[in-house]
Structures are given as C-alpha cells and as structure tokens.
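Worksheet for the structure shown next.
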Amino acid sequence: MEQRMSSTWRLTVNEKNFIETALLADLRVDGRRPFDYRPLSIKFGREDGSSEVQLGETHVMGYVTSQLVQPYRDRPNEGTLAIYTEFSPMADPTFEAGRPGESAVELGRVIDRGLRESRAVDMESLCVVAGKSVWAVRVDLHILDNGGNLIDAANIAALAALSTFRRPECTVGGEDGQEVIMHPPEVREPIPLTIHHLPVAVTFAFFSEGNILVIDPTYKEEAVMGGRMTATMNMNGDVCAVQKAGGEGVMMSVIMQCLRIASMKAADITSKIKSAVDAYNTERALRNVKRHPSSIAIDVGVSEVAMQEDQVDDLRKDEQILEDKLRASSSGNIGLTGAETSSSRKREKKTGGNNGEPFIGGPSNWDPYPKEISSSYIRSSQALPGPLTLNDEQEVTKAAQKSNLSHVDTAANVSDAPTETITSMNPQTSSPKSLKDAVKKKNRKRR
Amino acid sequence: MGMDRGDGRNPNQMRPLACSRNLLHRAHGSARWSQGNTIVLAGVYGPKAGTRKGENPELASIEVIWKPKTGQIGKQEKEYEIILRRTLRSICLLTVHPNTTTSVILQVVGDDGALLPCAINASCAALVDAGIPLKHLAVAICCGLTEQGSLILDPTKIEEQAIANLVFPNPPTSVIPKGSSTSAEEPFEHGIITSVTHGAMPVDDYFNCLERGRAACSKISEFFRKSLQSDLPDNASKAS
C-alpha cells in the first residue's frame, strides 16, 4: 500500500506533556510504579510449541515448528534455530503487510541474539546424522496487538513456545544404517528441546535526557520517550544481549543500574515462565493418559494458565459460549452440540480442570454449600462436552442445575475439580431422579 | 453407524463453536472464532481514506490480509484473500463510505479443517464489532463427502476428502417470526453468497450439501446472534 493509505498515528501534544509531567512526579499513566511490569499472562494452545503471551495490552503469539534439513557445511553436527517475526497489520494501524519495517527487523535480531547466540537451546542434540540431516527449528512470532514493549513480550512468547515444543523422535536405520526413520507421535513420544537457560529481555525507556527511566513502556510512553535500552539476561546473572540503538545519551551509572534491575526482573519472569510450562506439561500428561476414543471431550479449548496478579485487566474480552443442546437435540437431524455460552468475567483461573469429567481425579469436594463458586464458572466448566453425543438426560440435569445455581455469588476461584462440586450439589437442587442420573452417567462412560 | 467419524460425532454434528469479540486494543474491531481446533483471529481497521489504484472511488473497498500460522505467504493464502474479499464485499454497504478502505486481517491460530468458513465467520463477527455497516450477516459452513459417499458437516482435516465451503446470507428477517416478513424477502433467503468446492462430487450430492448446509447455518446464525446480542449491555460501559 502506498503512503497515502497508511494512517500515521501521532500522539497529541497534550498527551505528550501529560505523560512527561507525570513522570517527573514519578507517576505513570496507568498507575504503575517506574519499575513495575504490566500483568503477564502466558497461555498455550493445544499443540506442542504454540504459546500466546499477553503483557498488559500487548498480545504476541509464538509457534514453533521443525523440519529435517541438511546442516550448514561449517557446522555439520549442529541443528539450526531461526526466528521469524511478523508484525501483523492487525497489531497497529501503522504496520503494513509485506516487507518488514525497521522495528520488525530490530526485534527479530534482538531476540535472535538473545536466544541463538547465547546458546540457550542446545543445537548439538538436534543432530540426527552428522553432515546429512539435522533438525531445523523455526520460531514464528506473530505480533497481534501492539500495546508497547513488543521485544519483551515476543521474547517471552518465544521462550514459552520453545519450552513446550516437542520434536518427533527419529532413529537411524534402514539397510545401510543411514536412513532416518521419523516416528509418528502415537508410536513414540516426541522429545522436548534441551534448553540450558532462559534469556529474558527487559526493556527500559529513558525520558528527559536520561534522568528518568521506566520499565516496560506502553505504546504511548514509547512515542514520548527519548531513548530505549533492552537488556537480555538470564537467571544466573549472565548478560546475553544488550541493545541500545541511538536515542538519548545515558550515563554509565544509569546503565549499570538498569542491568541490576534487569537481572531481578529476569529472575521473576523466568519463574513465571517455568510455572506456566510446568502446568502445561502436567495437563498434557493428564491428557495423554486418558485416550478413550468416545468418552472424553478434552480437545476443546485452550489449556489456560493465567499468570497475572491483577485479574481485572485480563477480562477485556467477552467470551460467549452458548449451550444449545436442548434446542439442537429437539430439532431433528441437525445436532449442534457444544455451541456454548458462558460469561467471561468469572472465568479467571481456568486450569486443566476444564475437562470437567468426574474421573479426572481432583480432590473430592463434598461441600454442600460452597460459598465461593460462581454460577457462570460452573456453567463454563461444564460447557465442554465437545464433539460427543451427550445424552439428553445429562443435558436436562445440567440445564436445571444452571438455573438453580444462578443465585450463587462470585468470588475467588474453585479447585480443579468443579464437576465434583456440581455432582455434589445435584441432590440439593434437583429431584432424586438426578442422583440416579449421576450414577447413570458413570455407567455410560464405562461402556 | 453414527460413530463413524474419528472424534465420535455423528454426520450432522458440528464441533463446538466459540466466539469472542473485542479482544484487541488497537484494532477497531476484532473477533476470535473457533470450531473445535480450528481457530481464526480477525482484526478490522475501519474506513481509512483512499482506495487502491484500480478501484471504483464511488464505493468503499475492502482489503483482506491473510496470515498463516507458519511459513511464507503463497498462492493458497492469496486465494483465501480473494475469496474473502469478494464475500465481504457482497455483505458490506459499500456506498456508505465511498473512497475508503476497510482492512480485515486474519490470523490463523489453529487449523484442523474447515478453515475458510471459520475465517469468514470470524471476519463477519469482527466487522460487526468494528461497527462497519453491513447488509446482513454471512454465515459459513463446510460440508464434506466421505469416501463411502455420505455427507458430513464440518469435517476435520483428516476427514477432508471432497468438500464444499458454503456461505449463506443471514438477513435479520430470517430470525423474525414468519408472520412479519414480506414476500419480497422470501426469494432472498434462499440465496447463497459463496461456494468453493475442492475435490470431485456428484451433482446430487452437491445439492444435498447445499440443503444441509443451509439448515446448519440457521443454527450457527442463532448462536452468532445470541453472542452478539448478549454484549449489548456491556458495550455502553466500554464506549467510555
């Protein structure tokens, strides 16, 4: 698109003055302190190696794929890692499709340096046949929403995706012992990558000739700032990369202060990434164990691990999943199961308990009067029968429950066995028939 | 017989639908539509001044950008862009903002069959979220034919043999009870906006697909409208 098409977004003079004046008084526009990060949430998709990171308003998606290729001639026994960043036009009205702009290239290079050149991912374990075939790992980072500080968010997305990525196992066999046989995931469990350390990028913005510095600038602060510096550090205190490309001159003591702050923040973020990855791995293991073909609806939805401290911020989106089974089942041929609604606000910390099946095995929760369940949380947690043909009686019971539970208040989240509480509430709210139904359910599934 | 499909659905069953809107902060409108594991995120930037060189300046123009999950942009993505562009042009009111361009950007988050219908539904939801004036909604569905020759709705990637991606119009009159619709609207309700087929299928089976698809689309449109309507009380607070 030519220039006349691109909408140049410019900050107004009033906003600029406001941000600068507020910073002089140590205040930031969104209420943070100068060295506070915005709430960070790391979610994973169903496949291995896909992550979605939300840092305040910034939204980045990472996706890792791998392929067998011939190695470079000067490194015959090492795999390769390549990072591709896409500044999607949906992130910012000024981003344009086609050739990556300056900032896109810079972002790609900073993340590349931090990850590849610091040898965070072990390349030699990616070698299959030296000199002939090695694994080439490709990381695609899609910037979906530019709320500022893309480098940090994209870096976390890349780390999260690489930590959960698994490549197929392959063995060398065949007649001459040179043929590479790749095993499908059903036959042999895919192998995760070997990651030595997690290099985390921390970005600082400088204002008023280097006197004021803040961490994690929003896009409005980025439009006002005088200079920027990104320090990529890991938990051990190693500096993996530093990027300060132009901008205001800053004193050496300030740079050292930045590096010290960065190492603390890096430790913090590393622990968040690790706990998110651990939660995902547990959920994945659980998922792999229950491989009944017709019973469980595990495949719907994302395994979410919300990591933010401030829960309100996360709920900008309203997610609607409508439960339409009754109507669908009465309409003859067409069965639209699993068109489901629930309100999003209460859906905060939904962990793998999404599955909502009684035998996933959470703690048995007999609490006849649970004060702290939100009705819509229960609604959402039972909203995933997926592509099953659920029998009508179950649906009737659930629908009856929903209407009866509409008075329950919202509060903190429930444990990871919501269905246990639901079945426990059954006797109070419905007729004795529902108890039989609860028993019936189990019988059916055992079949 | 009903359990022929890999994930246990019967031939007339769709995967669970989910639609969420207003996800992105910079985009004027955004929506995320998922059918099972096929998930598409759409972002819309409202009318920008100017149109491309060959376009008619008396009408608004729609620009579609399709971003695959991985890999370079190739012919397949260009084809999707063209199909989407033509479909969306037919549902938008192009004379309201002449000489402007509305951009629709799609990001594939997951692909497990029926990608094009999912994308069309997502972009329609995003256009509604952005407030772009539309004539009516467009509801899309994918119908497939198995090797045995039976019809299935909403096939997954492994089930895709011969498929027809169908887009039906969904005017508001279709959800008003029969009594109040005028006869002039009736022929319109039986129209079809877009049909893209892959693979060979007999003609009768294609017509069957159309019938089944239309019936299923009325279900999808109910879900769609419900999810749009239940947002209304919240929108007032978001406007501030």
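Note on naming: letters A, B, ... go to the chains in the order of the sequence lines (proteins, then strands), and numbering restarts at 1 for each one.
- Once rounded to the nearest 0.5 Å, the distance linking CG of L144(A) with CZ of R32(B) reads 8.5 Å.
- Contact annotation for T70(B): both backbone and side-chain heavy atoms come within less than 4.5 Å of a heavy atom of chain A.
- In this structure, no portion of Y84(A) lies under 4.5 Å from any heavy atom of chain B.
- For L41(B), the parts sitting under 4.5 Å from any heavy atom of chain A are the backbone and the side chain alike.
- Among all heavy-atom pairs drawn from M61(A) and V108(B), the shortest one is CE-O, 3.9 Å.
- Checked by atom type and distance alone, the side chain of D145(A) pairs as donor or acceptor with a backbone atom of R26(B) at under 3.5 Å.
- Only the side chain of S50(A) has a heavy atom closer than 4.5 Å to any heavy atom of chain B.
- Open room surrounds CD on Q67(A); 12 or fewer heavy atoms of other groups in view lie less than 6.0 Å from it.
- A 4.5 Å side-chain heavy-atom check between P89(A) and K67(B) finds at least one atom pair inside the cut-off.
- Taken to the nearest 0.5 Å, the NE2 atom of H25(B) stands 12.0 Å off from the CG atom of N146(A).
- T65(A) touches chain B through its side chain: at least one heavy atom from C-beta onward sits under 4.5 Å away, while N, CA, C and O do not.
- Taking the side chain as every heavy atom from C-beta outward, V109(B) and E52(A) approach each other to under 4.5 Å.
- Heavy-atom contacts from other residues, nucleotides or ligands closer than 6.0 Å to CD1 of I158(B) number 12 or fewer.
- The parts of K69(B) that come within reach of chain A are both its backbone and its side chain, each placing non-hydrogen atoms under 4.5 angstrom from that chain.
- Remark: H97(B) engages no residue in a ring pair (Phe, Tyr, Trp, His ring centres under 6.0 Å) (not counting sequence neighbours).
- The salt bridge (charged side-chain N to carboxylate O under 4.0 Å, His left out) test applied to E81(B) returns no partner, not counting sequence neighbours.
- For I65(B), the part sitting under 4.5 Å from any heavy atom of chain A is the side chain, from C-beta outward, and nothing else.
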